[in-house]
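Contents: one structure, followed by commentary.
Convention: sequence-line order gives letters A, B, ...; per-chain numbering from 1.
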Amino acid sequence: MSRAALPGFRDFYPQELAERAYVMNAWREVARRYGFLEYDGPPLEPLELYTAKSGDEIVGQLYVFEDKGGRKVALRPEMTPTFARMVGARLNALRKPVRWFSTPQLFRYERQQKGRLREHFQLNVDIVGESDVAADAELLALAIDVMREVGLTASDVRARVSDRRLIGALLAHFDISEEQQPLVYAALDKLDREPRSVLEKRLTDGGLAPHTVGSLFEAVAAKNLDELRVRLGGVRAMDEHFDNLRRYFELLGSLGVAEWVQLDLSVVRGLAYYTGIVFELFDTAGEFRAICGGGRYDDLLATLGGTAAPALGFGMGDVVLSELLRSRKLMPALQPAIDYWVASDDEALLPDVMFVAGRLRRHGHSVEYSLKAQQLARQLKAAASAGAAQVVILLRDQWSGGAGTATLKNLADGSERVVRGDELFNIPV
RNA sequence: GUGGCUGUAGCUCAAUUGGUUAGAGCACCGGUCUGUGGCACCGGGGGUUGCGGGUUCAAUUCCCGUCAGCCACCCCA
């Protein structure tokens with residue numbers, strides 16, 4: 001029998017659980033600040049929920065099995081289908097736009113790598129019912145504020161932004177056919193990982209004219225809208241998309257996150273899914289996978305069988321973000337901390353120790369004491385390593401069965417004072 | 001799913017061309033120390049050298065398989 005957790009699954013020891021809680025608390029805090037409401041759904045869903053959106057190929061990447069009722073079920077690999085179902089079922093009754101978030105544990109049956117396990121927690125934030133680009137700006141600002149909340153800066157993390165519709169217009173402008181588009185998207189996606197010459201050859205092999213490929217890469221290298229416009233020589237067909245993106249960047253400036261954001265048309269994300277502005281957050285040093293990815297998916301709710309409604313959202317996993325925080329020394333260490341440790345110099349006083357501990361606990365304090373007889377020095381040592389703020393010391397000769405006094409020692413500065421038994425229970429922490 | 005690299009204590013690492021009982025630091029537990037913590041000194045527990053097989057008088061070391069981790073591909077929550 002193997003003693004280890006399944007590959008890609010994690011045991012959360014207290015330190016790791018504290019780290020997970022730290023990240024998830026930051027998620028909740030920022031989502032709350034933006035007025036988003038938390039929801040959740042089942043971790044186990046009908047398999048069709050995912051095949052309807054992504055096709056049968058996805059089954060190979062899921063934890064799938066048949067339940068005892070003969071239903072084909074899957075552990076949820078993503079939250080969006082569940083979200084779409086829940087929103088779709090009550091769309092008419094919900095206040096619009098819907099602003100919801102969730103922090104589900106998700107599962108994928110894939111070979112694990114750094115930053116990519118078979119199980120992770122993911123912040124999901126979605127907006128439904130608003131097509132204005134202001135919603136896109138609000139969404140990205142929220143993601144960026146999570147970075148701020150955990151101590152990262154614009155020099156650590158950058159948001160890369162693209163627009164599916166603008167890319168579409170660009171490809172049309174270059175007369176790139178429908179069949180060639182997947183090839184082009186794949187090449188864009190690999191721009192920062194493979195030499196440009198290799199990618200160019202792949203595209204020309206795929207039937208694109210060399211001068212088209214050159215102009216395409218030239219255009220995609222633009223770092224901002226003005227640069228792009230110049231490189232395209234002022235193409236009218238894209239004015240609408242330019243205006244839209246320009247307003248997007250302006251609104252991001254109003255929200256105070258402009259310095260985090262840059263145009264990058266090589267951002268691709270899921271092809272079948274997104275219909276408008278897409279973005280991803282990544283570490284500027286390029287050490288890790290994308291921290292977060294998302295965008296506008298206006299057609300998805302209709303595809304999943306619900307009512308059509310404009311929608312957008314992002315997912316941010318705990319694994320990459322935690323790795324980044326640890327590497328930047330921004331992950332807080334678990335600090336054990338209790339209010340009181342109760343000690344004594346006589347093991348016969350254990351009932352008194354437990355009586356005092358019980359009273360203090362009923363007053364709402366966190367209290368610990370030695371469960372076995374130990375020298376006083378040992379108990380003090382244990383108190384210090386448990387992070388006790390104060391130690392209540394019951395001394396045989398002073399305590400007198402509760403009628404006498406106890407010594408209250410402050411472990412931070414070593415100061416002591418003598419208190420009556422009945423005073424002990426009215427001391428502020 | 002395909003290919004490459006790596007597996008020694010909870011962690012970081014030692015161990016002669018293959019050679020006795022696999023060591024050290026940190027961490028953990030205890031002693032010096034029955035009226036007082038952090039320090040120091042001393043001691044203790046903890047290993048099927050990932051697992052299985054092979055070669056050899058002898059394997060942590062060499063070979064094969066397998067499992068796991070890391071990296072790349074695929075795919076992107």
Listed nucleotide nearest any side-chain atom of [X], set [options]:
X	options	answer
Asp397(A)	G35(B), A77(B), U2(B)	G35(B)
Arg378(A)	G31(B), A77(B), U36(B)	G31(B)
Gln375(A)	G37(B), U36(B), C33(B)	C33(B)
Lys114(A)	C33(B), A77(B), C71(B)	C71(B)
Lys372(A)	G30(B), U36(B), G35(B)	G30(B)
Ile393(A)	U36(B), C33(B), C71(B)	U36(B)
Gln113(A)	G37(B), C74(B), G35(B)	C74(B)

Quote, to the nearest angstrom, the [atom1] distance that separates [N] from [M].
N	M	atom1	result
U34(B)	C26(B)	C1'	31 Å
A15(B)	U2(B)	C1'	37 Å
C28(B)	C33(B)	P	23 Å
U36(B)	C42(B)	C1'	22 Å
U60(B)	U6(B)	C1'	15 Å
U32(B)	U21(B)	P	36 Å
C13(B)	G54(B)	P	33 Å
A27(B)	G65(B)	P	42 Å

Salt-bridge test for [X] and [Y]: reply yes if a basic N is under 4.0 Å from a carboxylate O, no otherwise.
X	Y	answer
Glu29(A)	Arg32(A)	yes
Arg116(A)	Glu110(A)	yes
Arg10(A)	Asp318(A)	yes
Glu287(A)	Arg328(A)	yes

Inset, instruction - Would you indicate whether Gln105(A), at its atom CD, is surrounded by more than 12 heavy atoms from other residues, nucleotides or ligands within a distance under 6.0 Å? - result: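 Yes, CD of Gln105(A) has more than 12 neighbouring heavy atoms, counting only those of other groups under 6.0 Å.
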
Taking [atom1] from [X] and [atom2] from [N], how many angstroms apart are they, rounded to a whole number?
X	N	atom1	atom2	result
Leu380(A)	C39(B)	CG	C1'	15 Å
Gln105(A)	A77(B)	CD	C1'	13 Å
Leu75(A)	A77(B)	CG	P	19 Å
Arg396(A)	U34(B)	CZ	P	12 Å

Legend entry - Cationic tip of Arg164(A) above Tyr185(A) ring, under 6.0 Å, 45° of axis: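 The answer is yes, since Arg164(A) meets both limits relative to Tyr185(A).
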
Legend entry - Within 45° cone of Phe282(A) ring axis and under 6.0 Å: Arg158(A) NZ or CZ: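 Judged by the rule, Arg158(A) and Phe282(A) form no cation-pi pair.
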
[X] side-chain N/O to [N] phosphate OP1/OP2 under 4.0 Å:
X	N	result
Lys381(A)	C28(B)	no
Gln379(A)	U34(B)	no
Arg116(A)	C70(B)	no
Lys190(A)	C74(B)	yes

Please work out if [X] contacts a base, only the sugar-phosphate, or nothing of the nucleic acid, heavy-atom cut-off 4.0 Å.
X	answer
Gln61(A)	sugar-phosphate
Gln374(A)	sugar-phosphate
Arg76(A)	nothing
Gly294(A)	nothing
Glu347(A)	nothing
Gly414(A)	base

